[in-house]
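Let me begin by presenting the structure, written as structure tokens, before commenting on it.
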Amino acid sequence: MNLLITAGSPRSPIDKVRCVGTVFTGQTGALLARAAWGRGHTVTLLTSNAERLPEVPADAGLSERRLMPIVYNTFDDLSAVMQQQLRSKPIDVLIHTAAAADYLVAGSFAPELGTYFNVRNKAWESREKPTMIEQPTDRANSGEPELWVRLVRAPRLVDRLRGPWGYKGLFVRFTLETARSDAELRGAAEFTRKQSEADLIVAGTFESMAHWVLMGPVDGRYERVPRRELADRLMLVVEHMRRTNQGSWHDE
């Protein structure tokens with residue numbers, strides 16, 4: 001199979017030296033890419049972290065070099081390279097582990113002299129009109145006593161896959177939920193899966209994700225998977241879904 005795997009987290013620049021991002025390093029995507037490569041598949045890995053690339057034997061012949069890493073930086077970079085990859089060649093399976101940004105930076109601002117934020121009232125105050133000074137995009141003024149960063153809602157990449165980008169292959173999505181029990185996590189995961197038109201979803205909570213995740217639906221049910229077994233188990237499930245015509249890929 002031809003797989004496209006996304007990993008890591010795009011950065012949203014505040015200026016040329018500062019950015020907003022998440023804690024996710026791309027390790028899961030790298031492990032999945034290595035597992036897929038080891039099972040004979042061709043893999044393109046989009047990652048934000050060049051230090052987390054999967055290890056491939058140095059003496060592998062050219063016929064075995066079936067893994068191509070592409071390093072991205074920003075949300076726009078990830079969006080552009082995903083679109084290019086999905087439209088330029090046949091992708092059988094997309095595994096989307098990248099923690100695409102929920103919010104993007106839309107400028108940084110410092111309060112003008114006499115303008116201040118009243119923490120008790122949670123409101124801006126000034127003797128006249130509260131005013132903010134927009135900071136330059138090359139580098140915000142580090143001499144300001146405080147700096148405010150404006151965040152705006154980011155577009156959802158998963159909403160572009162099936163419609164605008166026309167992807168018809170098998171889609172595996174990773175999600176982080178805030179559920180308190182397995183039943184709640186299962187319900188939240190299934191809702192997210194249907195909403196994003198994914199064929200398979202891997203879901204966890206911030207507390208549980210280092211130890212286990214829920215994966216499904218596999219033959220109509222969800223199963224708890226130890227994190228250390230996830231890469232190999234997911235590859236087996238994807239191969240099973242292809243072999244048994246599960247998912248949307250066979251509608252092409």
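Just so you know, these numbers come straight off a predicted model, no measurement behind them.
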Of all pairs that satisfy side chain to side chain donor-acceptor pair (under 3.5 Å), the ones with a partner from residues 94-108, not counting sequence neighbours: Thr6-His96

Check: Asn121 side chain, Ala123 main-chain N or O, donor-acceptor pair, under 3.5 Å: no

Within one Ile-Leu-Val-Met-Phe-Trp-Tyr cluster: Leu104 and Val158, side-chain cutoff 4.5 Å: yes

Interatomic distance, Leu45 atom CG to Leu67 atom CG [nearest 0.5 angstrom]: 6.5 Å

Gap separating the CZ atom of Phe117 from the NZ atom of Lys122, nearest 0.5 angstrom: 7.5 Å

Lys129 side chain to Thr115 side chain, donor-acceptor N/O pair below 3.5 angstrom: no

Arg87, CZ atom: more than 12 neighbouring heavy atoms under 6.0 Å: yes

Approximate separation, where rounding is to 0.5 Å, of Asn73 CG and Cys19 SG: 7.5 Å

Closest approach of Ala36 to Leu3 (non-hydrogen atoms, all atoms of both residues): CB-CD2, 4.0 Å

Cation-pi check, Arg224 onto Trp212 ring (under 6.0 Å, within 45° of axis): yes

Derivation and outcome, side-chain contact (heavy atoms from CB on, under 4.5 Å), residues Val202 and Leu230: CA-CA 9 Å; Val202 178; Leu230 176 59; 4.2 Å; yes

Check: Asn141 main-chain N/O paired with Gln135 side-chain donor or acceptor under 3.5 Å: yes

Stepwise side chain to side chain donor-acceptor pair (under 3.5 Å) check, Glu144 with Ser142: CA-CA 6 Å; Glu144 296 289 351; Ser142 58; over 6 Å; no

Min side-chain heavy-atom separation Val218-Val237 under 4.5 Å: yes

Arg127 CZ: over 12 foreign heavy atoms closer than 6.0 Å: no

Residues Arg242, Glu239; criterion salt bridge (Lys or Arg N to Asp or Glu O under 4.0 Å); working and verdict: CA-CA 5 Å; Arg242 285 275 296 177; Glu239 292 170 355; over 6 Å; no

Side-chain heavy atoms of Leu4 within contact of Val93, under 4.5 Å: no

Close side-chain approach of Gln195 and Arg156, heavy atoms under 4.5 Å: yes

Met132 reachable from Leu151 in the ILVMFWY side-chain graph, under 4.5 Å edges: no

Shortest non-hydrogen contact from Ser9 toward Thr22: OG-OG1, 2.8 Å

Verdict with reasoning, Leu94 to Leu161, per side-chain contact (heavy atoms from CB on, under 4.5 Å): CA-CA 10 Å; Leu94 167 62; Leu161 298 177; 3.7 Å; yes

Minimum-distance pair of heavy atoms, taken over all atoms of Ala203 and Ala189: CB-CB, 3.6 Å

Residue pair Thr192 / Glu190, side-chain donor-acceptor N/O under 3.5 Å: no

Distance-only polar pair, side chains of Thr28 and Arg227, donor-acceptor under 3.5 Å: yes

Neighbour count >12 (heavy atoms, 6.0 Å) for atom CD, Glu128: no

Pair Asp219, His240: side-chain N/O donor-acceptor within cut-off below 3.5 Å: yes

Over all atoms of both residues, closest heavy-atom pair of Ala101 and Pro10: N-CG, 3.9 Å

Crowding at NZ, Lys89 (>12 non-hydrogen neighbours, <6.0 Å): yes

Spatial distance of atom CG (Leu185) from atom OG (Ser208) [nearest 0.5 Å]: 6.5 Å

Straight-line distance of Asn2 CG to Thr44 OG1, nearest 0.5 Å: 7.5 Å

Least distance between heavy atoms, His211 atom then Glu207 atom: CD2-O, 3.9 Å

CZ on Arg186 to CZ on Arg221, rounded to 0.5 Å: 12.0 Å

Connected via hydrophobic side-chain network under 4.5 Å: Ile95 and Ile201: no

Single-linkage hydrophobic cluster Leu78~Tyr167, side-chain heavy atoms < 4.5 angstrom: yes

Side chains of Trp165 and Met82 in contact at under 4.5 Å (non-hydrogen atoms): yes

Chi angles and distances behind the side-chain contact (heavy atoms from CB on, under 4.5 Å) call for Phe75, Leu157: CA-CA 9 Å; Phe75 177 88; Leu157 290 179; 3.8 Å; yes

Co-membership, hydrophobic cluster, residues Leu31 and Leu234, 4.5 Å side-chain: no

Pairwise side-chain contact, Arg39 with Val238, heavy-atom cut-off 4.5 Å (strictly under): no

Nearest non-hydrogen partners of Ser79 and Arg160, listed with the distance: OG-NH1, 2.6 Å

Non-hydrogen side-chain atoms of Thr178 and Thr205 separated by less than 4.5 Å: no

Sidechain-backbone polar pair: His41 side chain, Met1 backbone, donor-acceptor under 3.5 Å: yes

Check: Val105 main-chain N/O paired with Ser12 side-chain donor or acceptor under 3.5 Å: yes

Pro164 side chain near Gln83 side chain, heavy-atom distance below 4.5 Å: no

Result of checking Lys194, Arg162, Arg173 against Asp199 for salt bridge (charged side-chain N to carboxylate O under 4.0 Å, His left out): Arg162

side-chain contact (heavy atoms from CB on, under 4.5 Å) evaluation trace for Phe109 with Thr131: CA-CA 10 Å; Phe109 305 84; Thr131 304; over 6 Å; no

Charged N-O contact under 4.0 Å between Arg11 and Asp76: no

Side-chain heavy-atom pair Val71, Ser48 within 4.5 angstrom cut-off: no

